[in-house]
Amino acid sequence: MNQMKFPKRYLIVILTFVSTCVCYIERVGFSIAYTVAADAAGINQSSKGTILSTFYYGYACSQVPGGWAAQKIGGRKVLLLSFVLWSSTCFLVPLDPNRVTILVVARLLVGVAQGFIFPSIHTVLAQWVPPHERSRSVSLTTSGMYLGAAMGMLALPSLVKFKGPQSVFLAEAALGVMWSLLWFEYATDPPRSEHPKATAAGFGESLLPTKASQKMKVENGGSTVRTVKIPWMRILVSRPVWAIVVNNFTFHYALYVLMNWLPTYFEQGLQLSLQEMGSSKMMPYFNMFIFSNIGGVLADHLITKRIMSVTKTRKFLNTVGFIVASVALMALPIFRTSGGAIFLSSVALGFLALGRAGFAVNHMDIAPRYAGIVMGVSNTAGTLAGIIGVDMTGQLLEAAKAEYADLSTPESWRAVFFIPGLLCIFSSFIFLLFSTGERIFD
């Protein structure tokens with residue numbers, strides 16, 4: 001591995017890509033395995049919903065602490081500890097739907113552990129990846145989520161069928177352990193860049209702890225030491241940060257609503273069988289994987305060739321992605337065929353992924369030293385969006401069922417898809433008004 005010709009930062013990016021892929025295999029895998037086990041045990045829908053949603057509460061609580069921990073002790077170490085914790089939990093906890101307390105605690109632990117992952121990844125990438133490669137590096141890393149979700153949905157049902165639900169937990173734990181060993185062996189902190197332009201862009205910097213010493217030159221050639229603190233208040237009141245937060249909220253609202261309710265739309269809204277649809281139902285996630293990487297490569301091309309500034313590139317891709325996604329989302333209830341629904345959901349999720357080359361990379365543009373913390377703040381909003389969106393969609397469908405007798409009419413689903421569609425329009429305007437590609441936190 002040391003003799004490979006490509007730079008070490010490429011290996012770091014590949015490993016972070018694999019990490020997000022493994023994490024989403026775990027999330028999809030638990031839903032599949034637990035649903036099968038719970039149905040076999042006769043668990044009611046309310047209890048199932050409680051267990052399935054517990055992960056997101058733990059996940060939401062650890063986003064900002066994850067950014068702080070990555071800033072204080074290093075994203076590389078925090079990422080490794082996170083994987084060890086959730087993998088150990090998956091390995092040790094029995095999948096018994098009747099032992100509710102154990103499952104709740106286990107899912108909280110897994111949620112808390114995985115909540116540290118993305119802030120840590122952004123801290124690592126902000127250190128390793130130079131500015132002109134950040135778009136495609138972040139896009140590749142985050143596209144692992146979508147590839148993992150698709151792989152999980154395709155492969156894990158067969159594992160449950162032949163080996164039982166508990167086998168999914170063991171397989172996920174094995175994947176987590178294997179990744180941990182690779183990360184422990186090959187991941188290192190980056191060498192500090194001595195080039196003034198690279199340093200000014202935040203590339204190659206050592207992590208700044210909550211309180212750290214920095215040397216400042218004085219006239220007599222000596223140095224003095226000053227204390228550097230994380231600018232929490234400036235981060236929390238910054239309009240560019242809030243532009244990222246709003247768009248992260250909208251992205252995850254749309255993503256989690258479609259991930260959780262699209263199968264119900266196919267079965268009850270369109271009267272289709274998921275089994276008969278085969279692998280076509282995975283196309284929206286594969287499309288996200290493809291468009292996420294297209295967005296990253298395109299953004300870096302526009303910036304490197306000086307076709308657009310960083311600010312204009314972020315705003316352009318974010319706007320195009322979210323506006324096209326909004327149109328597809330609001331048109332979704334109109335199309336009443338399997339092909340039409342697959343096409344529009346693929347367009348919606350694909351262009352949302354394209355938009356990530358705007359808002360999702362912007363953390364490292366405006367605050368490379370504090371990328372993990374800004375990511376933690378914005379990802380907390382994204383997780384809350386998932387909790388709110390999934391729960392509210394269920395309530396909307398219950399109300400629609402009472403009004404229209406069933407969920408087979410387009411009117412039953414209009415509000416479900418219009419809400420994220422309108423949020424996409426609103427968020428794109430917020431990003432146009434308040435975002436910037438310039439570094440605003442030193």
Side-chain angles (χ1 to χ4, degrees), residues 146 149-150 153 246-274 276-292 294-295 316-359 385-386 388-390 392-401 403-404 406-432:
Y146 322 129
M153 289 294 289
V246 169
N247 280 264
N248 204 333
F249 180 94
T250 294
F251 173 85
H252 284 96
Y253 185 101
L255 175 63
Y256 287 136
V257 166
L258 289 176
M259 282 184 65
N260 285 276
W261 293 105
L262 204 55
T264 304
Y265 178 65
F266 287 140
E267 291 191 328
Q268 298 188 33
L270 301 180
Q271 305 295 306
L272 298 171
S273 170
L274 288 175
E276 293 177 2
M277 291 176 68
S279 61
S280 67
K281 61 181 177 291
M282 291 295 97
M283 282 305 299
Y285 304 110
F286 281 117
N287 212 40
M288 290 191 85
F289 171 73
I290 293 169
F291 271 74
S292 178
I294 289 175
F316 171 70
L317 289 172
N318 196 87
T319 302
V320 170
F322 276 56
I323 293 299
V324 174
S326 72
V327 174
L329 284 166
M330 291 188 285
L332 192 53
I334 301 173
F335 286 73
R336 308 297 296 166
T337 64
S338 172
I342 289 290
F343 173 75
L344 285 173
S345 58
S346 296
V347 169
L349 289 176
F351 275 86
L352 280 171
L354 181 77
R356 287 186 67 91
F359 79 90
I388 294 169
V390 172
M392 188 168 70
T393 297
Q395 297 180 32
L396 289 171
L397 291 176
E398 282 296 322
K401 189 173 183 180
E403 182 176 355
Y404 300 108
D406 59 29
L407 299 177
S408 61
T409 62
E411 292 77 15
S412 302
W413 292 87
R414 185 169 293 150
V416 170
F417 298 119
F418 263 57
I419 290 174
L422 293 174
L423 282 174
C424 284
I425 296 173
F426 171 75
S427 297
S428 66
F429 279 106
I430 292 295
F431 200 78
L432 279 173

**Report entry** Residues Phe359, Phe322; criterion side chain to side chain contact (heavy atoms under 4.5 Å, CB included); working and verdict
**Finding:** CA-CA 11 Å; Phe359 79 90; Phe322 276 56; 3.8 Å; yes

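- Rounding to the nearest 0.5 Å gives a distance of 6.5 Å between CE of Met283 and CD1 of Ile290.
- Rounding to the nearest 0.5 Å places OG of Ser427 at 12.0 Å from CZ of Phe251.
- For the pair Val347 and Ala328, the tightest heavy-atom approach, listed with the atom from each and the gap, is CG1-CB, 3.8 Å.
- Ring pair Phe417/Tyr265: centre-to-centre distance below 6.0 Å.
- How far CG of Leu396 is from CZ of Arg414: 13.5 Å, rounded to the nearest 0.5 Å.
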Requested in this report: Would you please test Val257 and Ile419 for side chain to side chain contact (heavy atoms under 4.5 Å, CB included) and show each step?
Outcome: CA-CA 10 Å; Val257 166; Ile419 290 174; over 6 Å; no

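- At distances below 3.5 Å, at least one donor-acceptor pair connects side-chain atoms of Arg336 with backbone N or O atoms of Gly269.
- Met288 approaches Ala353 most closely through the heavy-atom pair O-CB, 3.5 Å.
- For the atom pair CD1 of Ile425 and CD1 of Ile430, the computed distance is 13.0 Å after rounding to the nearest 0.5 Å.
- Taking both residues in full, the closest heavy atoms of Ser428 and Asn247 are given as N-OD1, 4.1 Å, listed atom of the first, atom of the second, then distance.
- Put simply, the residue from Leu332, Val327, Leu329 that forms a side-chain contact (heavy atoms from CB on, under 4.5 Å) with Leu344 is Leu332.
- Residue Asn248 holds its CG atom at 15.5 Å from OH of Tyr253, rounded to the nearest 0.5 Å.
- Taking both residues in full, the closest heavy atoms of Arg356 and Tyr146 are given as CD-OH, 2.9 Å, listed atom of the first, atom of the second, then distance.
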Report task. Please step through side chain to side chain contact (heavy atoms under 4.5 Å, CB included) for the pair Leu349 and Leu258, ending with a clear verdict. Result -> CA-CA 9 Å; Leu349 289 176; Leu258 289 176; 3.5 Å; yes

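- Counting only distance, with no hydrogens or angles, the side chain of Ser345 and the backbone of Ile342 share a donor-acceptor pair below 3.5 Å.
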**Report entry** Worked verdict on Phe431 versus Thr319 for side chain to side chain contact (heavy atoms under 4.5 Å, CB included)
**Finding:** CA-CA 8 Å; Phe431 200 78; Thr319 302; 5.7 Å; no

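- In this structure, OG on Ser292 lies 11.0 Å from CG on Asn287, to the nearest 0.5 angstrom.
- For the pair Gly421 and Met330, the tightest heavy-atom approach, listed with the atom from each and the gap, is CA-CG, 4.1 Å.
- Scanning both residues, Gly340 and Thr337, for their nearest heavy atoms gives N-OG1, 3.1 Å.
- The main-chain N or O of Ser408 is never found under 3.5 Å from a side-chain atom of Ser412 such that the two would form a donor-acceptor pair.
- Inter-residue side-chain proximity for Leu352 and Leu255 is flagged as unmet; no heavy-atom pair is nearer than 4.5 Å.
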